[in-house]
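For reference, the structure is listed below as structure tokens.
Side chains are part of it too, since the values below use all heavy atoms of this structure and drop only hydrogens, waters and symmetry mates. In what follows, chains are A, B, ... by sequence order, proteins preceding strands, each numbered from 1.
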Protein chains: 2
Amino acid sequence: MLNIRDIAKLAGVSPATVSRVINNSANVNEEKRQRVLEVLEQTGYKPNALARGLLYNKTFTLGVVVPDISNINFSEFVKGIEKEARQNSYNIILMTSGNEPEREVECFEILKEKRVDGIIFAGTILTDRHKQHLDNSNIPFVVFGQDFEYKSLISINLDNLKASYDAVRYLYSKGIKKVAMITGPLWDKSAGYDRYIGFLKASIENGINQRDLIYKDGDFTITSGYENMKKILEQDRVEAVFAANDFMALGAIKYLLDNNIKVPQDIKVVGFDDNPIAKIYTPSLSTIKIDFYNAGVLAVKAAIKCLDGIGDEKRIPIEYEIIERQSSI
Amino acid sequence: MLNIRDIAKLAGVSPATVSRVINNSANVNEEKRQRVLEVLEQTGYKPNALARGLLYNKTFTLGVVVPDISNINFSEFVKGIEKEARQNSYNIILMTSGNEPEREVECFEILKEKRVDGIIFAGTILTDRHKQHLDNSNIPFVVFGQDFEYKSLISINLDNLKASYDAVRYLYSKGIKKVAMITGPLWDKSAGYDRYIGFLKASIENGINQRDLIYKDGDFTITSGYENMKKILEQDRVEAVFAANDFMALGAIKYLLDNNIKVPQDIKVVGFDDNPIAKIYTPSLSTIKIDFYNAGVLAVKAAIKCLDGIGDEKRIPIEYEIIERQSSI
DNA sequence: TTGTAAGCGTTATCAG
DNA sequence: CTGATAACGCTTACAA
């Protein structure tokens, strides 16, 4: 591949002049400028970003670590990141972690080697190894999906507890006697634990004795929604079920329909996420919609502000909205 | 950030020795090696990949350009790419093009600047500007989704014509008199035109006069499936409909159900893609399943083979499979 | 076994 | 307005 000296030779000038033309800086003789531009055009020369990066100590690249890109939430998130990054002339290196803390840290180390300017990380837990890495790395970090405060971390988060609380309150507002819940794994602080606590809080406020509360913990899959709905009905005849994500909610509905229990007439169901399926399914699923795309945009904005030294906010909230559909009317 | 000279000083050795330890090459005194390793550990030092890349003229980075990452097909594709890349110690720079040829070429140029080792590109058309770029770029290219032969391009493709042909034949094999089709935009060579041609071929083979063929061109959205199903029924009472993707097929089913036409009893429907919704919808949707994840894996394998100079195949086929579900039983 | 120095491709500085 | 030079961080040939 051609370098700047090759171009200089072809145009009969010095590398410095070529550089000046490329960065259209300073004063350069018009005739020479034209000669250089012509050569540039003909050769399709592109400056080596590695060399530039080495010099400026800046790569215009952001690292992005998400658990699973084929999950629609994260692909929307990444889409927002990529769009906003591009608009600010940044690119992204995408890595997936499968939600394994080991691999997450591995990703951070690789991204550090590649000298990304910042890292956007969607994860569920912040282990000591994560912190250790953060300690000897001065790369700006934007964390999505958990609200840990740690040093200079910027965190973008949904108030999972409140969203869940609102969803359950919404169900009680319909005159329901008792709402059951299918939770996620409770070690998952955001989508597991916090959503469970919101449920707990709303239930107690509606006069349910904590000992009578009915909830089962699933793993976010359709199957676990199906199974847990079964378990719940074996235990008590509830009037409504709130699931920590849409897949489990859909699994629950499927179990109900399979057993000739009508949704929403007999049991109302509310999910979480607004997966595209929620809208299309019959009955369509009421749910909590989170704008992941926008979360991605905000994450990049925060990262870049931080890089440009005009950073300020450390905790950026993202909005949610209860979408009422057939499953809970 | 620390550099190799800082480490050298801290360990009381020369940069060369540190380098030797890092790349555990050559002979280095055991005691010094230990000293260096200790400093490495304490400081969390990571070598600068930019400097290395500059030296070796190799970045261990692949560029990936897809139309839209939030489309499940492409996110599966990217997932496969990322997994296989990682396994070979490559990373990926992800860019999205929105299927706009202008932006595609823009992506290529940026990736060239970043000196990626190879580019994996999912697109629908190869314009002159694409070719021009390819001409003065010697980066290995793997193209997914179109079977253009151009110079050293490696192309991974589904035989869309044949898959579509098989789907329509499958419907005729059920004793259907006439199959209608909702196509994609015909300028889209792979998912639009080729799938239409497969339909045409199978129809003619089953005794349909080309003039009597019924097809409408949609734009891959649910809405366009809905609208076009309506138009088809206004024109003729068909017994089956084949849609160029699942969204249009689902839109068609929705229209049928809304008008009390039973699926599959009255009209059978087959889609294309095996979108996750296809399996869950009621009635579940028969479709053609393509393994995008595996396509991603194959794309990376081909790219790396090419980089290592052991490249051979230029055209790599990917498999498909007809999935029979309720909508066409 | 170890250290010194050149070079990868670019740009900023400085001298002309 | 222009060109030579040093420097970014790393590795490797060469010399010690």
Measuring to OP1 and OP2 of C:dG3, would you say a side-chain N or O of B:Thr17 lies under 4.0 angstrom away?
yes

For a quick test of reading the model: is some side-chain N or O of A:Tyr45 closer than 4.0 Å to OP1 or OP2 of C:dT10?
yes

Take A:Arg129 and A:Glu102 through the salt bridge (Lys or Arg N to Asp or Glu O under 4.0 Å) test and state the conclusion after the steps.
CA-CA 8 Å; A:Arg129 295 205 46 211; A:Glu102 295 270 325; 3.6 Å; yes

Looking only at side-chain N and O atoms, does A:Tyr56 come under 4.0 Å of OP1 or OP2 in D:dA7?
no

Against the side chain of B:Val28, the closest entry in D:dT11, C:dT2, D:dT12 is C:dT2

Just how far, in rounded Å, is P of C:dC8 from CG of A:Asn3?
8 Å

Do A:Lys58 and A:Phe60 form a cation-pi contact, if we require the NZ or CZ to be under 6.0 Å from the six-membered ring centre and within 45 degrees of the ring's axis?
yes

When you measure from the side-chain N and O atoms of A:Asn23 to the phosphate of C:dT11, is any distance below 4.0 Å, counting only OP1 and OP2?
yes

Rounding to a whole Å, what distance do you find between B:Glu113:CD and C:dT10:P?
10 Å

Is there a side-chain polar atom (N or O) of A:Arg52 under 4.0 Å from OP1 or OP2 of C:dT11?
yes

Would you please confirm or rule out a distance under 4.0 Å between OP1 or OP2 of C:dT1 and any side-chain N or O of B:Asn27?
yes

Could you state the atom-to-atom distance from CD1 of A:Ile4 to P of C:dG9 in whole Å?
11 Å

For the side chain of A:Ser14, counting heavy atoms from C-beta on, which of D:dC10, D:dT11, D:dA4 is nearest?
D:dA4

In whole Å, what is the span from the CG atom of A:Leu54 to the P atom of C:dA12?
14 Å

A:Met1 has an atom CE; how far is it from atom P of C:dG9, in whole Å?
10 Å

Only residue of B:Ile318, B:Asp291, B:Asp194 satisfying side-chain contact (heavy atoms from CB on, under 4.5 Å) with B:Leu158 is B:Ile318

Is a donor-acceptor pair below 3.5 Å formed from side chain A:Arg115 to base D:dG9, judging by atom type as modelled?
no

A:Leu298 vs A:Ile316, test: side-chain contact (heavy atoms from CB on, under 4.5 Å). Steps then yes/no.
CA-CA 8 Å; A:Leu298 292 176; A:Ile316 299 160; 4.2 Å; yes

Does a nitrogen or oxygen in the side chain of A:Lys32 sit under 4.0 Å from OP1 or OP2 of D:dT2?
yes

Euclidean distance, atom CZ of residue A:Arg20 to atom P of D:dA4 [Å, nearest integer]
11 Å

Report the distance from atom CG of B:Leu55 to atom C1' of D:dC10, rounded to the nearest whole Å.
6 Å

Nucleotide of C:dT11, C:dT1, C:dT10 approaching A:Arg5 most closely (side-chain heavy atoms)
C:dT10

Answer yes if the side chains of B:Lys79 and A:Ser70 hold a donor-acceptor pair under 3.5 Å, and no otherwise.
yes

Rounded to whole Å, NZ of A:Lys58 lies from C1' of D:dA7 at a distance of 20 Å

